Amino acid sequence: MDKSVIEKYELVVGLEVHAQMLTKSKAFSSEANEYGALPNTNVSVITLAHPGTLPKANRKAVEYAVKMGLACNCSITEYNIYDRKNYFYPDLPKGYQITQDKTPICRGGYIDIKTKSGRRSRIRLNRIHMEEDAGKSLHLEGETETLVDLNRAGVPLIEIVTEPDIRYPEEAYAFLTEIRRLVRYLEICDGNMEEGSLRCDANISVRLKGSKELGRKVEVKNMNSITNVQRAIEREMLRQIEIIEKGGTIASETRMYDAVNNQTYSLRTKEALNDYRYFPEPDLPPIIITEEYLREVRAMMPPLPNELFIKFTSEFGLPEYDAGVLTDKKEIALYFLEICKLTQNYKAASNWVMGPIKSYLNELTMEIKEFPLKPSQIVELIELVEQGKISFAICSQRLFPAFIENPNTTALALAEKMNLIQVSDTSFIKPIIEEVLANWAEKVEAYKKGNKNLLGLFMGEVMKKGKGKVDPKVATKLIQEMLDA
Amino acid sequence: MYSSYQEIRKALQKKEVRVKEIVEYYLRKIEETKHLNAYLEVYAEEALSRADEIDKKLQAGKAGNLAGMVITHKDVICYENHRLQASSKILDGFVAQFTAPSLQRMLDADVIVIGRVNCDEFAMGGSNENSAFGVVRNNIDPTRVPGGSSGGSAVSVSADTCLISLGSDTGGSVRQPAAFTGIVGFKPTYSRISRYGLIAYASSFDTIGVLAKNVEDTALVMEYLAGKDEYDATVSQKPVPPYSQLLEIPTHQLKIGYIKEVLETEAVQKEIKEAVWRKIEQFRADGHEVIPVDFPLYEYALPTYYILTTAEASTNLSRYDGVRYGYRSPNAVDVETLYKRTRSEGFGPEVKRRIMLGTFVLSASYYDAYFTKAQKVRRIIRDEMLKLLNNLDFLITPTTPTTAFEIGKYNEENVLELYYADILTVTPSLCGLPAISIPIGLDEKNLPIGLQVTAKYFEEASLLAFAKYAMQN
Amino acid sequence: MNIDKNTIEKIAHLSRLYFNEADEEKMLKSLNEILEWVQMLNKIDTTNVLPLTHMSHEVNVLREDVVEEPLPHEKALFNAPRKDSNYFRVPKVIENE
């Protein structure tokens with residue numbers, strides 16, 4: 001399809017994101033909330049919907065939902081009730097899901113995003129509410145029966161519903177990335193789409209640019225990665241535009257995304273006949289959120305990625321790129337923050353964290369909490385370089401790994417032991433330079449004739465001969481002096 | 001044999017009898033009254049072996065405070081490792097995997113459960129004619145119904161096959177059969193007793209109830225049943241008074257109201273009205289004030305009740321689908337037919353009727369007109385009742401408009417008429433108020449008449465004390 | 001309010017119940033009778049009255065996030081009409097036609 005055709009249209013997308021909460025026990029019963037257990041081993045009579053069982057809400061699930069709401073600038077609902085959403089499916093034991101229909105715990109709110117191409121926008125939220133997950137139905141090849149595993153039934157979820165504010169597929173990507181980052185910062189969800197702890201459905205429609213009316217929306221499901229969400233939206237947008245261009249109308253339906261063929265296909269279920277008959281859940285008393293409770297929860301919140309980003313850029317003067325990398329994971333950001341309490345050389349701190357530390361962690365697939373060096377020790381390294389006692393290159397390539405192996409010493413002591421301390425003493429450096437210049441006499445001639453680039457060669461040789469102990473700043477100056485003499 | 005737990009306790013202490021003999025007596029009575037079809041299962045062996053254990057404990061002075069008490073449980077109360085069916089085919093084969101905490105407290109005090117008794121299917125009915133296991137017959141006159149839905153419970157007590165039965169009351173299911181069989185039927189305040197372990201019919205109405213021969217036993221048992229637990233989020237956190245210690249006859253003047261309309265209407269049987277009037281005279285003679293009160297709304301309680309209970313029931317019964325337990329239709333070929341055939345074959349007609357009605361009133365187009373409307377009327381009726389009770393100690397009415405009717409009198413053709421049997425008992429259920437039915441005489445056919453007394457929220461102690469007094473002649 | 005066969009069929013489907021012709025007729029009659037009867041509630045003025053949704057007097061009843069023993073696996077599957085050693089089994093769900 002011609003680009004000019006596509007550009008006639010505006011994409012309108014709203015997302016529904018489900019996030020599994022990292023509580024220890026389930027939403028309404030006390031067995032473990034655990035991924036990967038053997039089938040039907042994390043179930044209770046309540047989860048199995050045995051006759052005579054009743055739900056009881058998990059305090060932490062409520063707290064986590066409130067935290068997310070606060071992080072997304074939502075207003076928190078004071079008077080909360082739960083509702084029953086009625087439908088029949090083998091992995092829904094009670095024949096209804098306990099959710100919140102009329103009184104979502106968080107209303108409104110927004111998330112600010114920046115896409116890969118640099119586009120900034122604010123995606124407004126409609127609501128966040130609490131509900132429980134269903135079990136899993138397995139339809140296996142060669143089986144005439146469906147297998148039902150109820151381990152996942154009753155796991156607490158929050159559902160985040162956006163307004164239809166997304167206009168570009170890459171915005172969906174950025175939005176989900178930000179959700180993932182937020183839930184990980186808050187430690188309420190591990191944000192893993194591949195494992196299903198984060199799930200996303202998209203409501204997609206198109207309209208001619210400038211039109212005030214919304215087009216018919218299509219729900220797309222089964223996108224199991226953030227990348228696939230973007231790809232699915234791209235595909236669906238094209239599909240809809242094609243139909244409209246040909247004079248057809250969009251069927252309001254649910255479609256599944258097929259990642260292998262990069263297509264969406266229609267799910268012809270009798271959706272229309274599904275009347276969920278929502279009504280207030282009589283087995284769960286109302287939850288009243290007080291100002292005092294909100295204060296308590298706010299006090300428990302970690303610094304948020306956006307807050308830290310602003311601090312790193314405006315207060316510490318770091319470039320946006322650095323701030324972005326540093327705030328990607330909360331633990332890294334907090335480690336960095338600790339370093340910055342002990343030194344004002346923020347750029348150096350940033351370089352250390354983004355460079356050597358991150359590489360080390362990546363290589364060993366280690367989390368920063370297991371990293372052997374304390375922030376204060378990184379500051380020692382920074383100061384050694386700052387004071388000219390060692391070059392950054394030698395410090396990061398040789399001292400740093402050794403320090404990791406020997407964390408119970410000081411950087412200075414170790415550097416001295418390893419004989420890495422740079423010498424700025426001209427009486428030490430001069431003879432080395434003399435030797436090098438003597439060995440490269442023709443090049444010296446060439447330099448004097450005008451080939452100033454050869455300075456690099458001489459520097460390299462001096463550093464090699466000095467076994468890295470030569471202070472490069474002093475060396476450069478001296479070499480030039482001696483050459484010009 | 002013994003007509004109260006106090007007598008049993010004394011006899012045990014004096015070693016005039018052993019628990020084993022008590023159980024053997026009841027087992028004989030159960031056998032003798034088999035034709036009444038009150039029992040679905042008799043735990044003969046278990047009861048006898050428990051009796052042996054408890055006799056030994058009594059010898060050692062280590063027996064619990066309910067040692068010697070023998071009870072039945074309605075087929076809607078969970079008793080671990082025992083079958084449980086709600087008198088329905090759809091729970092064929094189901095074995096409970098836990099015990100209701102309220103029952104557990106009684107078991108911990110050494111009560112013996114002698115059997116599981118028949119009831120209307122899923123507690124839906126007013127005559128115990130809706131059971132998948134056949135009708136229960138009234139022991140007073142076996143051609144008549146014992147009332148419902150706790151018909152089996154009432155007969156098991158009235159026919160002297162046990163001392164107490166634990167039933168359930170949603171709109172009168174404990175009080176009405178108590179009235180029909182001449183015993184005491186008690187429904188506490190909603191949320192006084194945990195609902196965990198009670199098969200749900202209508203969540204905002206259901207409560208476990210007590211059927212007994214006298215008020216003292218009711219009060220004692222309430223001490224064990226009532227109170228908070230870890231599993232029911234709606235259960236009251238209020239402390240439980242020692243009901244059995246608070247039964248002194250009230251000495252101060254009481255203010256008792258009776259609903260004028262009810263004692264004047266043709267719809268209530270003559271002898272019932274007369275029996276109530278006699279009681280009113282007795283109260284007045286004893287110095288209490290008995291005044292007529294107006295409650296024109298009482299008729300609206302019944303349709304409100306039916307809309308709300310069927311709505312809640314329609315979802316509470318969705319779990320019966322043949323997937324994880326119970327009956328599964330052999331005619332299921334896919335998931336759709338699994339559900340439809342299992343449920344259609346497993347549920348009886350009254351249950352299906354109520355599920356259909358409930359689904360209808362919750363459906364999108366009708367929700368506001370029926371369900372929301374009924375919830376609003378519920379609030380109006382509740383507020384009106386509270387206003388009335390504010391100026392009274394108790395409110396009295398007959399428990400039922402008629403005495404026990406003949407089996408088969410009501411069928412699909414006149415379902416509404418059967419619903420009307422509940423008309424006097426539903427109002428306390430709608431409001432969540434505590435209410436008791438006590439026997440106050442017989443009609444010309446020697447069928448028992450019940451008086452219903454309603455009190456304010458959580459006033460079980462004074463209600464029981466008054467009931468004890470009112471049962472005196 | 002008079003409901004028709006169409007409505008009965010929709011409600012039956014939502015309730016996952018199946019009625020043959022005769023039973024459907026009976027159900028239609030019963031339900032219409034009951035619905036006719038409950039119309040009397042319209043005589044009561046409910047303007048500005050809030051629906052009564054919760055009968056318990058408790059609020060904020062929450063459970064601590066502590067893990068308790070699950071139901072042992074065999075007990076979980078014990079009552080199942082059809083199962084294997086791990087799963088509940090049902091006839092296959094038809095997703096697509």
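The chains referred to below are lettered A, B, ... by the order of the sequence lines, with proteins before strands, and numbering in each begins at 1. Hydrogens, waters and symmetry mates play no part in the numbers below; they use all other heavy atoms, side chains included. Since this is a predicted model, take the numbers as computed values, not measurements.
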| What's the shortest heavy-atom distance between B:Ile381 and B:Thr427, and which atoms? | CG2-CG2, 4.2 Å
| Given B:Ile307 and C:Leu41, is the side chain to side chain contact (heavy atoms under 4.5 Å, CB included) satisfied, shown in steps? | CA-CA 10 Å; B:Ile307 291 176; C:Leu41 289 187; 3.7 Å; yes
| message | Given heavy-atom pairs under 4.5 angstrom as the criterion, report whether the side chain, backbone, both or neither of B:Leu338 touches chain C. | response | side chain
| remark: Highest number of heavy-atom pairs under 4.5 Å with chain C among B:Met356, B:Lys352, B:Arg378 belongs to B:Met356
| task | Determine the option with the most heavy-atom pairs under 4.5 angstrom with chain C, choosing from B:Leu297, B:Leu302, B:Asp321. | result | B:Leu302
| Is the cationic atom of C:Arg16 (NZ for Lys, CZ for Arg) positioned less than 6.0 Å from the six-membered ring centroid of B:Phe347 and within 45 degrees of its normal? | no
| request: Tell me, for B:Leu362 versus chain C, whether the close heavy atoms (under 4.5 Å) come from the side chain, the backbone, both or neither. | output: neither
| Is B:Lys340 close enough and on-axis enough to C:Tyr18, meaning under 6.0 Å and within 45°, for cation-pi? | no
| field | Distance-only polar pair, side chains of B:Tyr370 and B:Gln375, donor-acceptor under 3.5 Å | value | no
| query | What part of B:Val323 is in contact with chain C, defined as an atom under 4.5 angstrom from a non-hydrogen atom: side chain, backbone, both or neither? | reply | both
| note | Which of B:Tyr306, B:Tyr190, B:Tyr305 passes ring pair (Phe, Tyr, Trp, His ring centres under 6.0 Å) with B:Phe205? Answer is B:Tyr305
| said: For chain B, which candidate among C:Ala80, C:Pro81, C:Ser15 shows the most heavy-atom pairs at distances under 4.5 Å? | reply: C:Pro81
| said: Under a 4.5 Å cutoff for heavy-atom pairs, which residue among C:Lys26, C:Arg63, C:Lys29, C:Arg82 has the most contacts with chain B? | reply: C:Arg82
| What are the residues of residues 45-56 of chain C, in order of number, with any heavy atom under 4.5 angstrom from a heavy atom of chain B? | C:Asp45, C:Thr46, C:Val49, C:Leu50, C:Pro51, C:Leu52, C:Thr53, C:Met55, C:Ser56
| query | Is it the case that B:Ser203 and B:Asn316 place a side-chain donor and acceptor less than 3.5 Å from each other? | reply | yes
| request: Pick one of side chain, backbone, both or neither for B:Leu308, based on which atoms fall under 4.5 Å of a heavy atom in chain C. | output: neither
| said: If I measure from the heavy atoms of chain B, does C:Ile8 come under 4.5 Å with its side chain, its backbone, both, or neither? | reply: both
| field | B:Phe371, part contacting chain C, at a heavy-atom distance under 4.5 Å | value | neither
| said: Given heavy-atom pairs under 4.5 angstrom as the criterion, report whether the side chain, backbone, both or neither of B:Tyr457 touches chain C. | reply: side chain
| Residues B:Glu80 and C:Lys75 bridged, charged N to O under 4.0 Å | yes
| Between B:Asp169 and B:Thr207, do the side chains contain an N or O donor and an N or O acceptor separated by less than 3.5 Å? | no
| Charged N to carboxylate O under 4.0 angstrom, C:Lys83 versus C:Glu74? | no
| task | Below 4.5 Å from any heavy atom of chain C, which atoms of B:Tyr339 appear? Answer side chain, backbone, both or neither. | result | both
| query | Side chain, backbone, both or neither: which part of B:Phe458 has a non-hydrogen atom closer than 4.5 Å to chain C? | reply | side chain
| field | Residue among B:Gln237, B:Glu299, B:Glu345 with most heavy-atom pairs under 4.5 Å to chain C | value | B:Gln237
| B:Lys238, NZ atom: more than 12 neighbouring heavy atoms under 6.0 Å | no
| request: Please check if atom NZ in B:Lys89 has more than 12 non-hydrogen atoms from other residues, nucleotides or ligands closer than 6.0 Å. | output: yes
| request: With a 4.5 angstrom heavy-atom cut-off, could you sort out which part of C:Met27 is near chain B: side chain, backbone, both or neither? | output: side chain
| said: Please find the pair of heavy atoms, one from B:Gly322 and one from B:Arg328, that lie closest to each other, and give the distance. | reply: O-NE, 2.8 Å
| said: Below 4.5 Å, heavy-atom pairs only: which of B:Ala369, B:Ser236, B:Gly358, B:Gly432 has the largest tally toward chain C? | reply: B:Ser236
| query | Which class fits the ring pair B:Phe360 and B:Tyr366: parallel under 30°, tilted 30 to 60°, perpendicular over 60°? | reply | parallel
| said: As an exercise: rank B:Ser191, B:Ser365, B:Gly93, B:Ser204 by heavy-atom pairs under 4.5 Å with chain C and give me the winner. | reply: B:Ser204
| Engaged part of B:Ser363 at the chain C interface, taking heavy atoms whose separation is under 4.5 Å | side chain
| Closest approach of B:Arg195 to B:Asp206 (non-hydrogen atoms, all atoms of both residues) | CD-O, 3.4 Å
